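To keep things clear, I will list the structure first and then write my remarks on it.
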Amino acid sequence: MAKAKKATIKYQKNHLKGAIEQRRKKQKATQIYKKRNPQKFGRGANAGSGSGGAEGEEGEGAEGEEEEKQDSGDEKSKDMGVDEFFNNDLDSDSDAEPESDNEDFVGIDTIVEEDDGSDMDTPTPKKQTPAQKKKQDAKEEAAKKIQLDALKEKDPEFYKYLQQNDSELLEFDGEMEDLESEEEDDEDMEDDDEEMEGDDEDMEEEEEKEQPKKKGKKAALEEEMMDGIPLVTKDMVAAWQSALVEKHSLRALRRLLLAFRAGAHLHDSEDDRTYAYKINSPIVFNKLVVTCLKHVIPTLDYHLPVQTTSGGKPKPVNSGSKYATLQPLVKSFLQNTLFLLKELTDQEMIYFVIRESEKAIRYLVGFPKIAKDLLKHLLFLWSTATDRVRIISFLTIRTISLQLGPTYLDLSLKGVYLTFVRYAKTTTMHTLPNLHLMQNCVAQLYGMDFDRSYQHGFVYVRQLAIHLRNAVLVKTKESFKAVYNWQYLHCLGLWAQVISTHALNTAGQPTALHALIYPLVQVSLGALRLIPTSTYYPLRFQIIRNLIQLIENTGTFIPLAPFLFEVLEGGEMKRPGRKGTLKPLEWDLGFKCSKDYKGSRVYQDGTGEQVYELMTEYYALFSTSISFPELAIPAIVQLKRFIKKSSLVKLTKQFAGLVEKLEQNSRFVEGERNKADFSPSDAAGVSGFMRHQDKEKTPMGAYWKGVKRSVMAKRKMIEEARKDRADREDKDSSSRNSKAEEDEDDDESMDEDDLEDIEEDEDSE
C-alpha cells in the first residue's frame with residue numbers, strides 16, 4: 001500500500017470519527033425507513049436492514065445464523081465504509097489532475113505526463129514500474145465499479161437515495177475515469193479541484209523534505225490554504241521553476257499554468273469561477289508571471305522542437321506527433337497571456353509581457369482566434385501606448401506576419417493602415433511625433449511582400465482618388481472637407497513614404513509598388529489644386545514636400561516648380577503685409593491659415609521662407625541632370641521678376657542667392673555636356689550622364705547642403721520649444737483640473753447666467 005497522503009492523515013485525525021458517526025446515523029435512519037415501508041422496498045430492504053429472516057427451504061436456526069451474519073456484515077459496512085473509501089484512495093496513487101474551470105481551457109489538466117524523472121511525484125515505499133502501478137490501479141478501480149454496479153442493479157431505490165442524501169460515498173466514481181475521459185468531460189469542477197489539491201500537497205511534502213520545518217503542520221496548512229483552495233507561495237513557484245529548468249517537467253508546467261490562470265484572472269470582477277489556486281501577495285504574483293513568461297516557452301520548445309522540411313523551411317508546430325498531447329497547455333498559456341496583457345495598465349509591465357510572449361508566436365498557428373485577438377490588441381497598443389511599447393508591439397506584429405503566413409500578413413497590412421488613419425484625425429505637437437513613428441512602421445511592414453503591398457496600396461490610393469473626384473464634381477462644403485482634412489493629408493504622406501522607400505529594390509530595379517507612383521502623384525496634385533487660395537498654403541507645402549521625397553528616392557520627374565511660382569505671383573505676396581505681434585506660424589501643425597494670420601507680415605515672411613526652402617531642395621535634386629540648364633530657365637526668370645517687384649528685403653536677398661546658384665549650376669552642367677561623346681538620341685548615354693557625380697559637389701547641391709543645415713537647426717529649436725511648452729501645459733492642465741473639481745457648482749451657475757444674458761440680448765435686438 002502506498003504512503004498515506006498528507007490530506008488523508010489530517011482528515012483521519014480531525015474529521016473521520018465525526019463522519020463515521022454521521023454516516024451510521026444516516027444508515028440507521030435508512031433501515032428504519034425501509035422497515036416501515038416493506039411493501040415499497042420489498043424483500044431486499046428487509047434483508048438489507050437485518051429485520052426478518054429469508055423465506056426458503058432452510059430452517060429457523062439456519063435463518064437466524066444468516067440473520068446474524070447479515071447483521072454483522074451490516075455493522076462491518078458501517079464501520080469500514082469511510083475507511084475503505086480513504087484506503088482505496090491511498091492504495092491508488094492516482095495521477096489524475098483536475099480539469100479546467102473554464103471551458104476554453106478544456107484538457108489543460110488532462111495531459112498525459114511523461115516519466116521525466118521529476119521530483120514532483122509522491123514517493124512510495126515499494127518501487128513499482130509504471131506498468132505494474134497502472135495495472136494495480138486498474139484492478140482496484142474495476143472492483144469499485146463492479147460493486148457500485150451491483151448495488152445499482154440489486155437495489156436501485158437505495159442507490160438513488162444515496163445519490164440524493166449521501167452522494168460523497170459515490171464521488172470516487174469520478175476518480176476512476178482515465179485521463180482521456182477527463183478530457184471529454186469537464187463538468188465536474190469540484191471533484192477536479194479536490195484532486196488538484198491532493199497533488200499540490202504531494203509537491204509540498206517533497207519540498208518539506210528538502211527544507212527544515214520551522215512551524216507545526218497545522219500552522220503550515222493554514223498558511224498554504226485559503227478558503228479550502230491552495231495558496232500559491234514563493235516556494236511553490238521556485239519549485240515549479242526548478243523543475244522546468246532542470247527537468248522540463250510537464251507536471252510542473254501544468255501546475256504553473258493553473259496558477260498562472262488564477263493570477264491572470266485575479267482582478268477580473270466579472271469572473272465568478274473557482275480556480276485551482278489562489279494568490280494573495282503581489283510579490284508572489286510578480287514572481288509567478290515572470291516565471292511563467294520566461295520558462296514556459298523554453299519548456300514547450302524542448303518538447304516540441306523546431307522541425308524543418310527537406311527544403312530547409314520550418315514546419316508548423318502543430319504538425320508534430322506530441323503536439324496533440326501538449327495542445328491544451330499551449331492554448332492555456334496563450335489565452336492567459338493575452339488576457340493578462342489586456343488587463344495590465346503599467347507600461348513597463350506591458351512591455352515585458354509583449355517582449356517575452358513574442359517567443360510564443362509560432363504556437364499561434366493552431367489557434368487563429370487567439371492570434372487575431374492578439375493582433376488586434378497589439379494594434380491598439382501600437383497607436384496608444386508609450387514609444388517603447390509602440391515599438392515592441394510593432395515588432396511583434398511584424399513577427400506574426402513573418403511566421404504565421406500570408407493570411408496574417410494581409411491582416412497586419414490592413415490593420416496598421418486603418419489604425420494609422422484612425423489615429424491621424426487630429427495633429428498637435430503631442431501627436432505629430434507619434435504619427436511620424438507610425439508612418440515609419442507602416443513603411444517598413446509594407447516592404448515585406450511587394451505584391452501583397454501593391455494590392456493593398458492600390459485599393460487605398462483608389463479610395464483617396466474617389467474622395468477627390470467627388471469633391472471636384474460635387475463642389476460642396478462636405479465634399480471639400482472629405483479631402484481637406486488631416487486624415488487625407490497624412491494618408492498622402494504615408495503612401496509617398498511607402499512608395500518612395502520600396503519602389504526600387506536593392507538592385508535599383510522597379511518593384512510592384514513602382515506602378516503606384518503615377519496615381520499617387522495625380523491624386524496629390526489634384527488635392528493641391530482643389531482650392532488654390534492662400535488659406536491652404538500650408539497644405540500645398542506639405543504635399544509638395546511629400547512629392548519631393550518621392551523624387552529623391554525614385555528619380556521620377558514631377559513638375560512642382562509651377563505650384564511654387566503660383567505662390568510668388570499670388571496676392572498674398574504682392575500686397576504689403578499687416579504688422580503685428582503674432583508668433584511665427586507652425587507650418588507642420590496646420591493645413592490652413594487662420595484669419596488672424598492671413599494678410600499679416602508674419603504670414604508673408606513664412607510663406608516666402610517655405611517657397612525658398614522647397615525650391616532650393618527641388619532644383620538640388622536635378623543638379624546632375626543633363627537637362628538642368630533648360631529646367632532652371634523658368635525659375636531664373638520668375639525669381640528675377642519677383643526680386644524686382646517685391647519689397648521683402650530679407651526674402652529678395654535669399655532668392656538672389658538662389659538665382660546665382662542656379663546660373664552657376666547651369667554653366668557647370670553645360671560644361672559637362674560639351675565633353676559628352678553621345679548624341680541626344682542615345683537614351684543609354686543620356687541616362688548615364690553624370691550618374692556617379694556626387695550632387696553635393698555641384699554648385700546647386702553644395703548650396704542646398706548649407707540651407708538644409710540651417711533648416712534642421714531651426715527645426716531642432718522648434719521641437720525643443722514644443723517640448724517645454726508641452727511640459728508647461730501638462731502642469732497647467734493638472735492644476736486646472738483640480739481647481740475645476742472644487743468650483744464645479746460655480747461653473748454650472750455661470751453657464752446658466754451666460755445663457756440668460758444671451759437670451760436678453762436676443763430679445764433686445
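Since this is a predicted model, take the numbers as computed values, not measurements.
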Query raised in the report: Which pair of heavy atoms, one from Ala252 and one from Trp240, lies closest together, and at what distance?
Result: CB-O, 4.0 Å
**Report entry** Set of residues satisfying ring-ring contact (aromatic ring centres under 6.0 Å, His included) with respect to Phe285, sequence neighbours excluded
**Finding:** none
Query raised in the report: Is there a side-chain contact between Thr233 and Val284, using heavy atoms and a 4.5 Å cut-off?
Result: no
Requested in this report: Taking side-chain contact (heavy atoms from CB on, under 4.5 Å) as the test, write out the residues that go with Thr384, two or more places apart.
Outcome: Phe380
Requested in this report: Only counting residues at least two apart or in another chain, list the ones meeting side-chain contact (heavy atoms from CB on, under 4.5 Å) with Gln403.
Outcome: Ile361, Arg362, Thr399
**Report entry** Inter-residue atom distance Ile297.CD1 - Leu334.CG, 0.5 Å rounding
**Finding:** 6.5 Å
Query raised in the report: Hey, mind stepping through Leu258 and Tyr275 against side-chain contact (heavy atoms from CB on, under 4.5 Å) and telling me if it holds?
Result: CA-CA 8 Å; Leu258 287 173; Tyr275 294 97; over 6 Å; no
**Report entry** Distance in Å, Leu257 CG paired with Gln335 CD, rounded so as to fall on 0.5 Å steps
**Finding:** 11.5 Å
Report summary line: Pro314 and Val306 have their tightest heavy-atom pair at CB-CG1, 4.1 Å
Query raised in the report: Would you find a donor on one side and an acceptor on the other, under 3.5 Å apart, between the side chain of Ser332 and the backbone of Pro328?
Result: no
Requested in this report: Please report the shortest heavy-atom distance between Ile229 and Ala276, naming the atom on each side.
Outcome: CG2-O, 3.5 Å
Requested in this report: Just jot down the side-chain contact (heavy atoms from CB on, under 4.5 Å) partners of Lys17, sequence neighbours excluded, or say none.
Outcome: Glu21
Requested in this report: Check whether any side-chain heavy atom of His265 sits under 4.5 Å from a side-chain heavy atom of Asn336, and report yes or no.
Outcome: yes
Query raised in the report: What is the distance from atom SG of Cys292 to atom CG of Leu244, rounded to the nearest 0.5 Å?
Result: 8.5 Å
Report task. Measure the CZ-CG distance between Phe333 and Leu338 for me, rounded to the nearest 0.5 Å. Result -> 11.0 Å
Query - Thr337 versus Ser357, closest heavy-atom pair with distance - result: CG2-CB, 3.9 Å
Query raised in the report: Less than 4.5 Å apart, any side-chain heavy atom of Ile354 and any of Leu395?
Result: no
Report task. Using modelled atom types only, decide if a donor and an acceptor are shared between the side chain of Arg390 and the backbone of Leu381 within a distance under 3.5 Å. Result -> no
Requested in this report: Taking only Lys NZ, Arg NE, NH1 and NH2, and the carboxylate oxygens of Asp or Glu, determine whether Lys359 and Glu356 approach each other closer than 4.0 Å.
Outcome: yes
Query raised in the report: Does Thr291 have any side-chain contact (heavy atoms from CB on, under 4.5 Å) partners at least two apart in sequence or in another chain, and if so, which?
Result: Val237, Gln241, Leu256, Lys287, His295
Report task. Taking all non-hydrogen atoms of both residues into account, name the closest pair between Asn286 and Met349 and its distance. Result -> OD1-CE, 4.0 Å
Report summary line: When rounded to the nearest 0.5 Å, the distance separating CG of Asn280 from CG of Leu266 is 9.0 Å
Throw together a table of side-chain donor-acceptor distances under 3.5 angstrom for residues 364-378, partners on residues two or more places apart or in other chains.
| unit_1 | atom_1 | unit_2 | atom_2 | d |
| --- | --- | --- | --- | --- |
| Asp373 | OD1 | Lys342 | NZ | 3.1 |
| Asp373 | OD2 | Lys342 | NZ | 2.7 |

Requested in this report: Look at the side chain of His303 and the backbone N and O of His248, then say whether any donor-acceptor pair between them is shorter than 3.5 Å.
Outcome: yes
Report summary line: d(Ile283 CD1, Leu288 CG) to nearest 0.5 Å is 13.5 Å
**Report entry** Flag side-chain contact, heavy atom, 4.5 Å: Thr386 against Ile350
**Finding:** no
Query raised in the report: Looking only at heavy atoms, what is the nearest atom pair of Phe352 and Leu293, with distance?
Result: CE2-CD1, 3.5 Å
Query raised in the report: Considering only heavy atoms from C-beta outward, does the side chain of Leu231 approach that of Tyr277 to under 4.5 Å?
Result: no
